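All values reported here derive from a predicted model rather than from experimental measurement. Note that ligands are numbered from 1 as they come in the structure, with each ligand's atoms numbered from 1 the same way.
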Amino acid sequence: MELTNTLTMKREPVIPHEPGHIRMYTCGPTVYHYAHIGNLRSYIMEDVLEKYLRYEGNQVDRVMNITDVGHLSSDADTGEDKMVAGAKREHKSVMEIAQFYTDAFFADCEKLNIRRPDTVVPATSRIPDFIRMVQGLLDKGYAYLAGGNVYFDTSKLREYYVFGNQTGEDLAVGVRDTVDADENKRNKTDFVLWFTKSKFEDQELKWESPWGLGYPGWHIECSAISLRELGEYLDIHCGGVDNAFPHHTNEIAQSEAYIGHPWCKYWFHVQHLNDARGKMSKSKGGILTVSALEEQGFDPLAYRMFCLQSHYRKPLTFSFESLQNAQNAYNRLVARVAALAKEGDPDREAAQGFQEKFRGALGSDLNTSLGLTVLYDMLKSDLSDATKRYLVGDFDQVLSLSLLEAAEKAGQPSEPPVDGELKAHIEELIARRTEARKNKDWAAADAIRDELSALHVAVKDTPQGVEWHLEG
Ligand code: AMP
Ligand code: ZN
């Protein structure tokens, strides 16, 4: 497969350190609130990547951290520590908040068919590893003590800004002059590895360390967890694009300084989900969650479909109108699968052509929308129904839209089939009624409804559109 590597900004073939075995790390959620559908866009696309790598026959080991401690990288951070603020807001302890939102995160993932990574590690469970790594960086001369904290010294690196796509604006966010400077830092880009003193004094969780009672900086957790679980040669590191700087930049700085050689070969960054106000973000508030979509009558898998319809490297703008379109497309797709006859054996040889096309799409920088097109083309083709069902199941190992299961649930229509002409007439009446309702012409809409009742047609308005059936 080929992926665009943010490190080089080039499309490159994915060649793991050990052939056929891919080690993959994903920055997990900061568990002070529900994940919003923007966060989940990143996790959906990372899930498709993992599943596609498996589909190609690779063994994949995937590790995810859970950020359940601190979210600070220096005293120049703005605002409050997010975990502490979340606990205060809900009158709970930090660990209670972390457990609650970790469970909520995985419940959302399940609804979206996002596979739980093989290994999930809460940061608080690995404090001794972080301390060992910070000590190692001090011993190697890459870190220094100042004002009670341990800082990483970015001036010791040959190159600090490693990502080809780092723009001036990105960089400004991490090292702005406008936020109050952290006086202890030797260089603007230095960051805290371990805090014992901070303006954020109300930390609930603190641990003994060689430098005093304290807590880790934000970045160290991902480096230490990845190195312990996946070794010194990581193949793919994933995250939303906002994490490229400073988080991933600092992960690379400290990991490579510690191990003394290049660390991760491919960086996979998912562009943001935006709404009318710009990037969806937990700290901005007004976020949309999976439950909010469900409350409005949407199937979480319609949101997955919405994400698959566009490329991961393009920003995606959310609106309920476009989600409704995705829901309609999903319903039509399921209905099409439900209409396939179940009898017969698939012709695996005949299926190969479409499997190749599917691999051509997904293997080409994870082009999921092209993958969906291959699925549609396949359903339109003259393959047998059994072969089509086989291919739906095959592609769905990667797309994870539960197409066969949803089609099973949709079942066979319980009413006797409507003859073609009558069906066309009913659908025309329904379209006219929808138009009348749109124009707020209630009298016309009611008259059409009466006409439909006379034909024994029951009509129901749902968020997915108008549903109808013939009454017995
Ligand atoms: P957080 O819980 O803030 O640590 O973020 C979890 C993941 O979601 C990270 O990979 C972020 O980069 C990603 N992320 C945050 N906001 C968005 C967004 N609006 N669109 C896509 N991904 C996002
Ligand atoms: Zn991380």
Participant: Does any part of the side chain of Leu49, heavy atoms only, come nearer than 4.5 Å to the side chain of Leu3, both counted from C-beta?
Facilitator: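 A side-chain contact exists here, since the closest heavy-atom pair is under 4.5 Å.
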Participant: Assert yes or no for the condition that the ring centre distance of Phe245 to Phe163 is strictly below 6.0 Å.
Facilitator: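 No, ring centres 6.0 Å or more apart.
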Participant: Is it true that His237 and Tyr266 have ring centroids separated by less than 6.0 Å?
Facilitator: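 No, they do not, as the ring centres are separated by 6.0 Å or more.
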Participant: Measure from the ring center of Tyr258 to the ring center of Tyr142 and say whether it is less than 6.0 Å.
Facilitator: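 Ring centres of Tyr142 and Tyr258 not closer than 6.0 Å.
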Participant: Do Gly38 and ligand 1 have an N or O pair less than 3.5 Å apart?
Facilitator: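 Yes, there is a polar N/O contact under 3.5 Å.
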Participant: Counting from 1, what ligand 1 atoms have a heavy atom of Pro29 closer than 4.0 Å?
Facilitator: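 Near Pro29, the atoms of ligand 1 are 2 (O).
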Participant: Asn39 versus ligand 1: do any nitrogen or oxygen atoms come within less than 3.5 Å of each other?
Facilitator: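 Indeed, backbone or side chain, Asn39 has an N or O that close.
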Participant: How far apart are the C-alpha atoms of Asp190 and Tyr144, what are their side-chain angles, what is the distance that settles it, and do they pass the side chain to side chain donor-acceptor pair (under 3.5 Å) test?
Facilitator: CA-CA 10 Å; Asp190 292 355; Tyr144 58 91; 2.6 Å; yes
Participant: As an exercise, identify every atom of ligand 1 less than 4.0 angstrom from a heavy atom of Gly239.
Facilitator: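 Listed by number with element, the hits are 10 (O).
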Participant: What's the verdict on side chain to side chain donor-acceptor pair (under 3.5 Å) for Arg62 and Thr26, showing C-alpha distance, side-chain angles and the deciding distance?
Facilitator: CA-CA 7 Å; Arg62 180 155 171 221; Thr26 300; 2.9 Å; yes
Participant: Angle at the Zn ion (ligand 2), NE2 of His247 to SG of Cys27, rounded to 10 degrees, please.
Facilitator: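 So the angle at the metal works out to 120°.
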Participant: Kindly confirm or rule out an N or O of Thr30 lying under 3.5 angstrom from an N or O of ligand 1.
Facilitator: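 Yes, Thr30 has an N/O under 3.5 Å of an N/O on ligand 1.
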Participant: Under 3.5 Å, is there a donor on one side chain and an acceptor on the other for Gln271 and His311?
Facilitator: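 No pair is found: no donor N or O on one side chain lies under 3.5 Å from an acceptor on the other.
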Participant: Hey, does Leu273 come in under 3.5 Å of ligand 1, counting only N/O atoms on both sides?
Facilitator: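 Yes, Leu273 has an N/O under 3.5 Å of an N/O on ligand 1.
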Participant: Under 4.0 angstrom from ligand 1, any heavy atom of Asp242?
Facilitator: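 Contact present.
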Participant: Take Arg389 and Asp396 through the test salt bridge (Lys or Arg N to Asp or Glu O under 4.0 Å) and record every step on the way to the result.
Facilitator: CA-CA 11 Å; Arg389 283 182 67 83; Asp396 216 30; over 6 Å; no
Participant: Taking only heavy atoms of Lys279 into account, list the atoms of ligand 1 that are under 4.0 Å away from them.
Facilitator: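 Reading through ligand 1 atom by atom, the close ones are 16 (N), 19 (N).
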Participant: Any atoms of ligand 1 less than 4.0 Å from a non-hydrogen atom of His36? List them with their elements.
Facilitator: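 Answer, ordered by atom number: 16 (N), 17 (C), 19 (N).
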Participant: Before signing off on this row, confirm whether Met280 and ligand 1 have an N or O atom pair separated by under 3.5 Å.
Facilitator: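 The answer is yes, given that Met280 and ligand 1 share an N or O pair closer than 3.5 Å.
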Participant: With a 4.5 Å limit on heavy-atom distance, are the side chains of Gln324 and Ser319 in contact?
Facilitator: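 No, their side chains stay 4.5 Å or more apart.
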Participant: Compute the angle centred on the Zn ion (ligand 2) spanning SG of Cys222 and OE2 of Glu251, and express it rounded to 10 degrees.
Facilitator: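 Rounding to the nearest 10 degrees gives 100°.
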Participant: If we only consider heavy atoms of Asn243, is any one of them less than 4.0 Å away from an atom in ligand 1?
Facilitator: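 Checking ligand 1 against Asn243, which is what was asked, there is a heavy-atom contact under 4.0 Å.
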Participant: Who's closest to atom 22 (N) of ligand 1 heavy-atom-wise, of Gly240, Ser42, Gly28?
Facilitator: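 Among Gly240, Ser42, Gly28, the closest heavy atom to atom 22 (N) of ligand 1 comes from Ser42.
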